[in-house]
Amino acid sequence: MALFWGVCLMTLGWMTYAEASVPENLDKSIDELKAYYIKNDLELHNAHPVFLRVLKDLKVNLEESEQNLLMSIIMDTYSRIFTRMQNESLDEATKDRLAHVQQHLKKLQENYFPGKSAELKTYAETLWAIKENDPIVQRKALFEFKRVYREATQLKNLKNKDRRRRQAKSIRPKASGGRSPSRS
């Protein structure tokens with residue numbers, strides 16, 4: 001029974017945290033926008049989410065720097081979506097609500113992802129903009145491939161070396177009972 005109440009309290013805590021993490025005035029604007037845009041839309045529930053599947057895998061499969069980059073890209077995508085909606089809307093109240101949401105989004109981006117995320121995102125956008133069908137790009141890519149391959153291999157080896165070091169570090173104290181072996 002105690003376990004049941006513990007699970008209930010933990011779930012209530014998560015729900016409170018999830019609700020508390022969105023400021024009240026932003027929450028109100030989002031609810032009003034949802035009421036304006038979403039009218040019994042069956043497409044919302046077709047098991048093909050736009051961001052939630054990526055968000056679900058974010059913490060499980062990616063390291064912190066990768067998580068920050070991906071979240072930055074997600075937020076930027078939201079910004080573009082909301083800007084488009086704002087430009088296409090004819091309703092001034094809706095435009096104001098979208099502007100309000102954009103302000104919160106921008107503030108979150110500035111405070112939560114300072115530093116290198118913007119730089120990494122710029123690199124990613126530059127790479128995504130490469131024209132794969134351009135013959136000159138193809139030849140340059142082929143010319144540079146060995147060096148890029150070597151760099152990628154070195155990064156992979158470095159990552160594996162760090163992983164082995166962390167694993168060895170976590171195994172050593174357990175194997176020796178937390179004490180260093182005495183020498184006789």
How far does CD of Gln102 sit from CD of Gln109, to the nearest 0.5 angstrom? 8.5 Å
May I ask you to decide whether Glu32 forms a salt bridge with Lys28, counting only side-chain N to carboxylate O separations under 4.0 Å? yes
State plainly whether one hydrophobic cluster holds both Leu52 and Tyr78, where clusters connect Ile, Leu, Val, Met, Phe, Trp and Tyr through side-chain heavy atoms under 4.5 angstrom apart. yes
Closest heavy-atom pair and its distance - Asp91, Thr94: OD2-OG1, 2.5 Å
Hey, quick one: are Tyr123 and Ile130 part of the same hydrophobic cluster, counting side-chain heavy atoms closer than 4.5 Å, chains of contacts allowed? no
In this structure, are over 12 heavy atoms from other groups packed under 6.0 Å from Leu127 atom CG? yes
Let me check something: any side-chain donor-acceptor pairs from residues 141-151 under 3.5 Å, sequence neighbours excluded? List them with distances.
none

Could you tell me whether Lys39 atom NZ has more than 12 heavy atoms of other residues or ligands within 6.0 Å of it? yes
Using a 4.5 Å cut-off on heavy atoms from C-beta on, say whether the side chain of Pro23 contacts that of Asp27. no
His104 side, atom NE2; Asn25 side, atom CG - distance, nearest 0.5 Å: 4.0 Å
Kindly give the heavy-atom pair with the smallest separation between Leu105 and Met75, and that separation in Å. CD2-O, 3.6 Å
Rounded at 0.5 Å granularity, tell me how far CD in Gln103 sits from CZ in Phe82. 13.5 Å
In terms of heavy-atom contacts, Ser89 and Lys95 come closest through O-CE, 2.7 Å
Within this structure, what is the CG-CD1 distance for the pair Leu26 and Ile30, rounded to the nearest 0.5 Å? 4.0 Å
Any idea which heavy atoms bring Gln67 and Leu62 closest together, and the distance? NE2-O, 2.8 Å
Where Glu125 and Asp76 come nearest, the two heavy atoms and their spacing: OE2-OD2, 3.8 Å
In Å and rounded to the nearest 0.5 Å, what is the OH to CG distance from Tyr37 to Leu98? 5.0 Å
Closest non-hydrogen atoms of Ser29 and His100, given as atom of the first, atom of the second and distance, are OG-ND1, 2.8 Å
